[in-house]
Amino acid sequence: MDVNNKTIVLEFVFSGLTNNEILKFFLFALFIVIYFATLVINVGLVAIVKNTSSLQNPMYYFLSYLSLVDVFYSSTITPKMLSDLMSQRRTISFEGCALQFFFYAAFGSIETLLLSTMSYDRYVAICHPLHYMTIMTKKKCLSLVLLSFSIGFLQSSVQTSCAFTLQFCGSNFIDHFYCDVPPVLRLSCSDTSASDMVTVYIVGALAISSLMTILISYTLIILSVTKIRSTESRRKAFSTCSSHLMCVFLFYGTVLFTYMRSPSSVFTIRDKVNGRKSKVAAVFYSVMTPMLNPLIYSLRNQEVKKVIVQVIHNLSPFHTSFKNV
């Protein structure tokens, strides 16, 4: 059939998370609480780091940017998902879909790069403690953050342009709850092999390079820590890394489960068989992880915990009334 005689897609329709009316209300209530908690916790952590003199070091500098990225990352997906849970018709315009994917891919990549940057920061702090502040200068930290943002938005621009400059002239039904490349590419009436390859190679390159940085950094950290004679010093060194490692496992585990697949036909086969599993994994890394990251750092870091307790104490009505006496 001639392409000109086909209907041009102007909007997409999501399958959503569920069609069960009772489950919809439960998920809406659950995810709106998680979303507001994500905003409050991440913005609060950024404010605490910015306004606390004892937290003015590279580790917390990177953590504040990770929290900021988590806010935008979650906000790219969650508000639309919440709206669709309460809507009978779950639609998004073609331009809106491209825009959602652009920011989703950008902030997801930036988070990946920041996590690898934080592993390098831990390596310098533990393996070169005497030179830590001279190596991790403010200028270098800013450069690493800017590099992460630049690569994130650059690769997102490439992926978005490859996917959304294709022709879409058939079905507009996306079997997902947001705009992601694999389910969108299946709807195109153009040859998608090049876009499939771009997606796989970009995601693969980012994941492998970031994971290699993390693995090399922690291999050197472990080798360095094993040389420390004091048990207490070894425990303290490992404890500074545990929060970061937990965040890495949470994020990479679900992302790799979803994306590290071979292109084209395997996308289709596996997504049909494991559709629900893919959605659950996507919910976890796009909705849950942005809330869990700051919680993990806050609850497992003694310095942050002390500052949070002090802030709560200062804001409590009992403390205020005691000061006024």
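Numbers here simply count residues along the sequence, with the first being 1.
No chain of hydrophobic side-chain contacts below 4.5 Å, direct or via other Ile, Leu, Val, Met, Phe, Trp or Tyr residues, connects I216 to L113. Note: the hydrophobic cluster containing I32 also contains L23 (ILVMFWY, side chain heavy atoms under 4.5 Å, direct or indirect links). The hydrophobic clustering, which links ILVMFWY residues whose side-chain heavy atoms are closer than 4.5 Å, places V203 and L215 apart. F36 and V33 fall within the same hydrophobic cluster, where Ile, Leu, Val, Met, Phe, Trp and Tyr residues are linked whenever their side-chain heavy atoms come under 4.5 Å apart, directly or through other members. Side-chain heavy atoms closer than 4.5 Å link hydrophobic residues (I, L, V, M, F, W, Y) into clusters, and following such links, even through other members, never connects F249 to L206.
Side-chain polar atoms of S74 and T78 form a donor-acceptor pair below 3.5 angstrom. When only modelled atom types and interatomic distance are considered, D121 and Y61 share no side-chain donor-acceptor pair under 3.5 Å. When only modelled atom types and interatomic distance are considered, S93 and E11 share no side-chain donor-acceptor pair under 3.5 Å.
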Exercise for review: Please step through side chain to side chain contact (heavy atoms under 4.5 Å, CB included) for the pair T117 and S148, ending with a clear verdict.
Suggested key: CA-CA 9 Å; T117 301; S148 298; 3.8 Å; yes
Practice item. Would you check, one step at a time, whether the test side chain to side chain contact (heavy atoms under 4.5 Å, CB included) holds for V184 with I174? Key: CA-CA 6 Å; V184 168; I174 298 177; 3.8 Å; yes
Review point. Does the side chain to side chain contact (heavy atoms under 4.5 Å, CB included) test come out yes or no for M136 and F62, once each step is laid out?
Key: CA-CA 11 Å; M136 301 302 293; F62 293 127; 3.7 Å; yes
Review point. Are I110 and F72 close enough, and set up right, to give a side chain to side chain contact (heavy atoms under 4.5 Å, CB included), and what steps lead you there?
Key: CA-CA 11 Å; I110 294 167; F72 290 113; over 6 Å; no
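Of all heavy-atom pairs between L45 and P294, the closest is CD2-CB, 3.7 Å. Minimum interatomic distance between L250 and F284 (heavy atoms only, all atoms of both residues): CD2-CE2, 3.5 Å. Residues P183 and L187 approach most closely at O-CG, 3.6 Å, considering heavy atoms. Residue V181 comes nearest to A163 through the heavy atom pair CG2-CB, 4.2 Å, listed as atom of the first residue, atom of the second, then distance. Of all heavy-atom pairs between M86 and K24, the closest is CE-O, 4.0 Å. The two atoms that bring L166 and L185 nearest to each other are CD1-CD2, 3.6 Å, heavy atoms only.
For T134 (side chain) and H131 (main-chain N/O), a donor-acceptor pair under 3.5 Å exists by modelled atom type. Distance alone, capped at 3.5 Å, places no donor-acceptor pair between the S156 side chain and the G152 backbone. One N or O on the side chain of T18 and one on the backbone of N20 form a donor-acceptor pair closer than 3.5 Å. Between the side chain of T52 and the backbone N or O of V49 there is no donor-acceptor pair closer than 3.5 Å. A donor-acceptor pair under 3.5 Å is absent between the side-chain atoms of T160 and the main chain of A98, judged by distance alone. Between the side chain of S171 and the backbone N or O of F173, at least one donor-acceptor pair lies under 3.5 Å. When atom types are taken as modelled, the side chain of N42 and the backbone of P290 share a donor-acceptor pair closer than 3.5 angstrom. Within the 3.5 Å criterion, the main-chain N or O of F153 finds a donor-acceptor partner in the side chain of S157. Checking side-chain atoms of S15 against main-chain N and O of H176 turns up a donor-acceptor pair under 3.5 Å.
V124 is not listed as a side-chain neighbour of S217, based on a closest heavy-atom distance of 4.5 Å or more. In this structure, the side chains of S210 and I208 stay at 4.5 Å or more apart for every pair of heavy atoms. Y285 places none of its side-chain heavy atoms less than 4.5 Å from the side chain of L292. For the pair Y73/Y104, a side-chain contact is recorded, criterion being any heavy-atom separation below 4.5 Å from C-beta on. Proximity of I214 to Y120: side-chain heavy atoms (C-beta onward) are nowhere separated by under 4.5 Å. In this structure, T76 and F101 have side chains that are not in contact, with every pair of non-hydrogen atoms separated by 4.5 Å or more. Between Y132 and P58 the shortest side-chain heavy-atom distance falls below 4.5 Å. For the pair T38/M288, no side-chain contact is recorded, criterion being any heavy-atom separation below 4.5 Å from C-beta on.
Rounding to the nearest 0.5 Å places CG of N293 at 5.0 Å from CD of E111. In this structure, OG in S64 is found 8.5 Å from CD in Q56, a value given to the nearest 0.5 Å. Rounded to the nearest 0.5 angstrom, S195 OG and F164 CZ are separated by 10.0 Å. Within the model, atoms SG of C179 and CZ of F94 stand 9.5 Å from one another, a figure rounded to the nearest 0.5 Å. Rounded to the nearest 0.5 angstrom, I202 CD1 and M197 CE are separated by 13.5 Å. Between the OG atom in S119 and the CG atom in L245 there is a gap of 9.0 Å [rounded to 0.5 Å].
Residues F168 and F12 place their aromatic rings such that the two centres sit under 6.0 Å apart. Annotation: F149 is not in aromatic contact with F107 [ring centroid separation under 6.0 Å not met]. Ring centers of Y178 and F14: at least 6.0 Å apart, outside the cut-off. Taking the six-membered ring where the residue is Trp, the centroids of Y35 and F31 are separated by 6.0 Å or more.
Within a 6.0 Å radius of CG in L146, other residues, nucleotides and ligands contribute more than 12 heavy atoms. Applying the 6.0 Å contact sphere to NZ of K140 captures more than 12 heavy atoms from other residues, nucleotides or ligands. Enclosure of atom OH in Y201 is not indicated, since only 12 or fewer non-hydrogen atoms of other residues, nucleotides or ligands lie within 6.0 angstrom.
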